[in-house]
Each structure stands twice: as C-alpha cells, then as structure tokens.
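In what follows, a single structure is set out as structure tokens and then discussed.
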Amino acid sequence: MIDIRPVAHPIGKIIVTLGVSMLAPMAVDWWHGDPHWAVFLQCAALTVVAGALVSVATWGDYRSLSIHQAFLLTSGLWAVLPVFGALPFMLGQPHAGFTDAYFEAMSGVTTTGTTAFPDLDGLPRGTHLWRAILHWIGGLGIVVVAMVFLPIMKVGGMQFFRSEGFDTLGKIMPRAGEIAAEMTRVYVMLTGFCTMTYLLLGMNGLDAVVQAFGTVSTGGFSNYDASFGAFLGPLEWAASVFMVLASLPFIRLVQGMRGQFAPIWQDMQIRAYLRWILYACAIIVAYRVIFLDQQGNILDITRETVFNTVSTFSGTGFFSTDVMTWGHLPLAVLIICGLIGGCTGSTACSVKVFRYLVLFQAVRAQLRRMHSPHRVYALRYEGRPLDQDVIDSVMAFFTLFTLTFGLLIVGLSLTGLHPRTALTAAWTAIANIGPVWGPEITANGSVVRFPEAAKWLMILGMYLGRLELVSVLVLLLPRFWRG
C-alpha cells in the first residue's frame with residue numbers, strides 16, 4: 001500500500017501558498033475601490049484553511065519520496081491546484097460555472113492560455129492579476145518538476161538530464177529545496193527584468209505585470225481581448241526576446257547568471273531551437289511578401305511574424321494579429337512549431353526540442369543500419385552516449401503523444417465541433433499552446449461556446465500535456481497501485 005502522507009503534506013503547503021497569493025489581487029481590487037476584493041478574501045480564507053488542514057493532518061519528517069509517491073505528487077498537484085484556483089472565478093463571475101472556472105484555472109496552471117471567458121476587457125483588475133498569478137505559479141512549478149521529478153521517473157527521456165542539474169536519485173526532498181531555490185531565483189529575476197522592460201516601453205503597472213507573468217511562464221493570459229495586439233511596435237520585439245529566454249533550459253540560465261556563458265551556446269537544444277525559429281520566420285515572411293503580396297512595411301511584417309511565431313513555438317500563445325489571414329502555409333508552419341515546442345527544462349511545453357534531436361538521430365541510425373546492417377551506430381548527444389532506456393523513453397513519449405493527440409481530435413469532433421476547431425483545440429490542449437481557430441471561437445479566442453464535453457476533453461488534454469503524459473497514465477496501471 002502506498003503511503004500518501006508524504007504526497008499530501010507538500011500539496012497542503014502549496015495550497016496554503018496559493019491561498020496567500022490571493023491576497024495580491026484582493027489588494028488590487030480594494031485599492032481601486034472594487035467590491036470584488038471581498039471574493040478574494042473569502043477564497044483566500046477557504047484555501048488557506050483547507051491547505052493547512054491537509055498539511056497538519058499529514059505532518060511528519062519526510063526526507064525522501066519513492067518513485068510511486070513522486071508520480072502521485074506531480075499528478076495530484078496539477079489536479080488539485082485548479083480546484084482552488086477556480087474559486088475566485090466561480091464566486092466572482094456570475095457567468096462562470098464550475099466547468100468554465102476549472103477550465104480557466106487549469107489553463108492557467110498548465111500555462112496553456114486558452115480562455116473560457118467571453119469578455120476579458122470587462123473583468124475586474126484583481127481577476128486579471130489572479131489569472132496571471134496562476135500562470136506564474138504553474139510555470140515555476142513545471143520547471144522544478146522537470147528538474148527534480150521527471151528525471152528520476154524516467155519520463156520521456158528526462159533521465160538523460162539527471163546529471164545536468166542535481167543528482168536527486170534516492171534523496172529527492174533534501175535536494176528539491178536547493179533546486180527550487182536556484183530555479184526560483186532565476187525565474188524571479190527574469191520576471192523582474194521583463195516587467196521593467198515593459199514599463200520602460202510604455203505599459204502601465206498592471207499591464208506590465210500581467211504580460212510579464214504570461215511571458216516568462218510562457219502562458220499567454222492577457223488582460224485584453226486583443227491579447228498583445230494592444231501593444232504593438234517595440235513591445236513585440238521585447239516580448240519575443242523574453243519568450244525565447246523563458247523557453248531555454250533554466251539550468252543554462254542559472255549558469256549564465258553565474259557568468260558561465262559558454263554552455264548556453266554549446267547546448268545543442270538551444271542552437272537547434274534558435275535555428276528552427278529562424279527558419280520558420282523566414283518561410284512565413286517570404287510567403288507573406290511574395291505570394292500574398294501583403295501591404296505594409298517589410299519591417300512591420302517581420303516584427304509581426306517573429307512575435308507570433310515565437311509565441312507559438314514557445315507555447316506562450318499571445319497573439320497580435322489574426323494569423324488566419326496569412327494563408328495556409330504559414331498556418332501549417334505555426335502548427336508544426338507548436339508541436340515542437342521549446343527546450344527541455346524550461347517553462348515551454350509540447351514535445352520539446354531535445355526529443356526531436358534524439359528522434360532524428362535514431363531515424364538516421366536506422367537508415368544507416370539498412371545500408372550496413374552489421375555496423376554498430378552509437379547514438380550520442382553533446383558527446384555523451386544515449387543509453388537505450390533514454391531512446392526507448394523518447395520513442396514511447398512520441399507514440400503516446402501522437403495517440404493522445406489523435407484521440408482528442410476524434411473526441412472533440414464527436415462533440416459537434418467543426419473539424420478545424422477540433423484539430424486546433426486538440427493541438428492547443430495537448431501541446432499547451434493557447435490559441436484555437438475555428439467558427440465556434442469568439443473574437444477574443446474564447447471557447448465559451450464549446451459544449452461542456454469539449455471543454456472537459458480540453459481540460460484532460462491540458463493536464464496530460466503539461467505533465468508529459470506518462471507521469472499521469474502510469475497511474476492507470478494496476479501494477480502501480482500494487483507497488
């Protein structure tokens with residue numbers, strides 16, 4: 001029997017932290033004379049009490065977690081946090097039932113960025129800040145999980161990165177504090193720099209904080225129906241830079257903060273990621289200028305293309321224009337970019353660049369074996385040999401990702417959605433990207449018109465995609481519960 005106390009105890013503490021963070025949007029609404037502040041006070045009290053009761057009831061000296069408990073902790077945390085994160089939406093927004101509120105909270109903590117609210121411009125200031133806080137907490141949480149838990153759980157080849165950061169095998173909890181401190185320091189500094197940059201370029205305080213939280217977490221929640229379309233010009237360039245930084249491996253950013261810049265450029269992931277972004281932007285700009293003959297300054301077209309491409313590639317999901325007007329080829333390129341995603345160990349989502357590099361090496365080696373079947377081809381990554389269990393884990397992830405993506409498309413189609421809507425909804429959910437395109441989508445990109453069944457399928461897709469599938473699906477195996 002699995003002891004769930006070491007799992008429930010940290011979840012209870014994090015719930016308390018979530019409740020305390022509700023005081024920030026409460027203060028914003030109170031300062032501006034909005035009576036909505038009372039909603040956040042009630043929700044904060046409920047959340048803190050619930051988290052404290054769980055934490056106290058499971059109190060103990062837990063110095064390590066088993067593999068089973070690590071799986072339960074990661075899966076349980078992302079299922080429970082949206083329940084409490086949804087409280088301010090349910091109590092403060094008359095039109096938001098449990099489904100829409102939970103959808104919004106899950107979209108927040110998984111840094112997806114898809115909204116179920118039809119009118120963002122009319123939301124209270126505190127609600128905008130709360131949506132941004134959910135993003136920020138979810139982005140930080142996934143960075144820590146990627147460096148602490150996924151390597152020891154051997155999810156999707158992440159065991160390859162165990163020696164990149166910290167040796168956590170067999171001593172998860174003591175090392176988790178050290179990892180969390182390092183990552184949090186970089187995360188906070190990056191958020192601070194991003195906020196200051198937005199302020200210097202003309203945003204007001206609330207706008208700068210909300211957009212910075214959405215940028216650094218690669219989440220994409222904005223406080224405007226027009227998303228980043230409300231901030232054109234230099235702000236798009238600045239946001240593009242910070243979205244790229246947030247989708248780089250945080251262990252490299254830690255090294256950069258220590259003055260060690262060589263590992264950043266030597267990282268195969270980073271070089272491939274930047275190169276692929278350049279390729280995608282070049283293809284789209286060339287297509288728009290040559291084939292669509294779109295009017296406007298070439299620099300404006302380039303800026304608009306770079307921003308929206310980087311936003312999709314990193315999984316942030318901000319948009320500054322209607323990309324549907326770009327034509328079929330650019331849209332196909334953006335969909336491919338979303339299915340690639342950012343770098344492993346970052347706030348970005350989707351499949352990740354590392355896995356594609358491993359996949360390409362495996363395919364290349366297989367083709368060579370067909371030509372010379374008796375020759376041995378060792379797969380290497382940055383000079384280090386790739387163990388067979390890493391390759392197997394990556395292949396298993398690709399298989400699960402493809403199957404889940406296909407099943408989501410079928411399921412969403414069966415709810416009555418237009419085929420294009422079903423495809424992009426499944427794409428944005430499983431890859432945690434944000435935008436959905438189709439006739440059922442409102443002007444601000446909301447899925448409020450979706451059937452409830454479709455919203456719950458997207459919730460499931462966001463949940464599975466953020467936790468990289470295996471860490472959740474393993475809980476369905478009877479052998480897991482037998483220990």
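Since the model is a prediction, treat every value here as computed from it, not as a measurement.
- In terms of heavy-atom proximity, I409 sits nearest to A422 at O-CB, 3.9 Å.
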Would K352 and C343 satisfy side chain to side chain contact (heavy atoms under 4.5 Å, CB included), going step by step from the backbone distance to the final call? CA-CA 5 Å; K352 307 289 195 322; C343 297; over 6 Å; no

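- In this structure, Y381 and F354 have perpendicular ring planes: the angle between them is above 60°, well past the 30° mark.
- Because its NZ or CZ atom is not both nearer than 6.0 Å to the ring centre of F398 and within 45° of the ring axis, R355 does not count as a cation-pi partner of that residue.
- Checking side-chain atoms of T47 against main-chain N and O of A44 turns up no donor-acceptor pair under 3.5 Å.
- Heavy atoms from other residues, nucleotides or ligands lying under 6.0 Å from OH of Y224 number more than 12.
- Centroid-to-centroid, the aromatic rings of F89 and Y102 stay 6.0 Å apart or farther.
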Apply side chain to side chain contact (heavy atoms under 4.5 Å, CB included) to residues C194 and L190 and explain how you reach the verdict. CA-CA 6 Å; C194 186; L190 193 59; 5.8 Å; no

Trace of the side-chain hydrogen bond (donor to acceptor under 3.5 Å, both in side chains) decision for E104 with T115: CA-CA 6 Å; E104 198 78 6; T115 184; 2.9 Å; yes

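- Going from atom CG of L91 over to atom CG of L46 covers 7.5 Å, rounded to the nearest 0.5 Å.
- Taken from CZ in R449 to CG in L417, the straight-line distance is 12.5 Å, to the nearest 0.5 Å.
- Panel note: side chain T312, backbone L334; no donor-acceptor pair is recorded below 3.5 Å.
- Panel note: side chain T325, backbone D322; a donor-acceptor pair is recorded below 3.5 Å.
- With values rounded to the nearest 0.5 angstrom, L123 atom CG is found 8.5 Å from H36 atom NE2.
- Counted within 6.0 Å of CZ on R125, heavy atoms from surrounding residues, nucleotides or ligands total 12 or fewer; the atom is thus considered open.
- Side-chain contact between W136 and V209: absent, with no pair of heavy atoms (C-beta onward) separated by less than 4.5 Å.
- In plain terms, the two heavy atoms of Q266 and R271 that are nearest each other are O-NH1, 2.8 Å.
- Within a 6.0 Å radius of CE in M196, other residues, nucleotides and ligands contribute 12 heavy atoms or fewer.
- Heavy atoms only, all atoms of each residue included: T424 and W437 are closest at OG1-O, 2.8 Å.
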side-chain hydrogen bond (donor to acceptor under 3.5 Å, both in side chains) between Y198 and T215: does it pass, once the steps are laid out? CA-CA 11 Å; Y198 287 165; T215 302; 2.9 Å; yes

Could you go through the side chain to side chain contact (heavy atoms under 4.5 Å, CB included) check for I459 and W456 one step at a time? CA-CA 5 Å; I459 288 171; W456 280 106; 3.6 Å; yes

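- Minimum interatomic distance between F103 and T114 (heavy atoms only, all atoms of both residues): CE2-O, 3.6 Å.
- Taking the six-membered ring for Trp, F313 and Y273 have ring centres closer than 6.0 Å.
- Atom CH2 of W30 has 12 or fewer heavy atoms from other residues, nucleotides or ligands within 6.0 Å.
- Comment: E440 does not engage R420 in a salt bridge, judged by the lack of any side-chain N to carboxylate O separation of less than 4.0 angstrom.
- Below 30°, between 30° and 60°, or above 60°: for W130 and F40 the angle between ring planes is above 60°, a perpendicular geometry.
- Listed for the T305 side chain is a donor-acceptor partner under 3.5 Å among the backbone atoms of I301.
- Between P118 and D225, the shortest heavy-atom distance links the atoms O-OD1, 4.3 Å.
- A donor-acceptor contact shorter than 3.5 Å links the side chain of N444 to the backbone of F117.
- A donor-acceptor contact shorter than 3.5 Å is absent between the side chain of S446 and the backbone of T442.
- Here the side chain of Q211 pairs no donor or acceptor atom with the backbone of F228 at under 3.5 angstrom.
- The line from OG of S107 to OH of Y463 is 16.0 Å long, rounded to the nearest 0.5 Å.
- A salt bridge links R303 and E236; the closest N-O separation between the charged side-chain nitrogens and carboxylate oxygens is under 4.0 Å.
- Between F401 and F405, the ring planes are tilted. Angles from 30° to 60° get that label.
- Not one N or O on the side chain of W326 forms a donor-acceptor pair closer than 3.5 Å with the backbone of R288.
- The two residues A238 and T197 come nearest to each other via the heavy atoms CB-CG2, 3.9 Å.
- The main-chain N or O of T347 is found under 3.5 Å from a side-chain atom of T218 such that the two form a donor-acceptor pair.
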Test side-chain hydrogen bond (donor to acceptor under 3.5 Å, both in side chains) on D207 and N223; report intermediate values, then the result. CA-CA 7 Å; D207 287 349; N223 49 337; 2.6 Å; yes

Using side-chain hydrogen bond (donor to acceptor under 3.5 Å, both in side chains), reason through R258 and Q255 one step at a time and then give a plain yes or no. CA-CA 5 Å; R258 294 173 176 174; Q255 291 172 319; over 6 Å; no

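- Between W237 and F307, the distance separating the two ring centers is not shorter than 6.0 angstrom.
- With respect to E182 and R185, a salt bridge is recorded, a charged nitrogen being found less than 4.0 Å from a carboxylate O.
- For H135 and F213, the gap between ring centers reaches or exceeds 6.0 Å.
- The main-chain N or O of T111 is never found under 3.5 Å from a side-chain atom of S217 such that the two would form a donor-acceptor pair.
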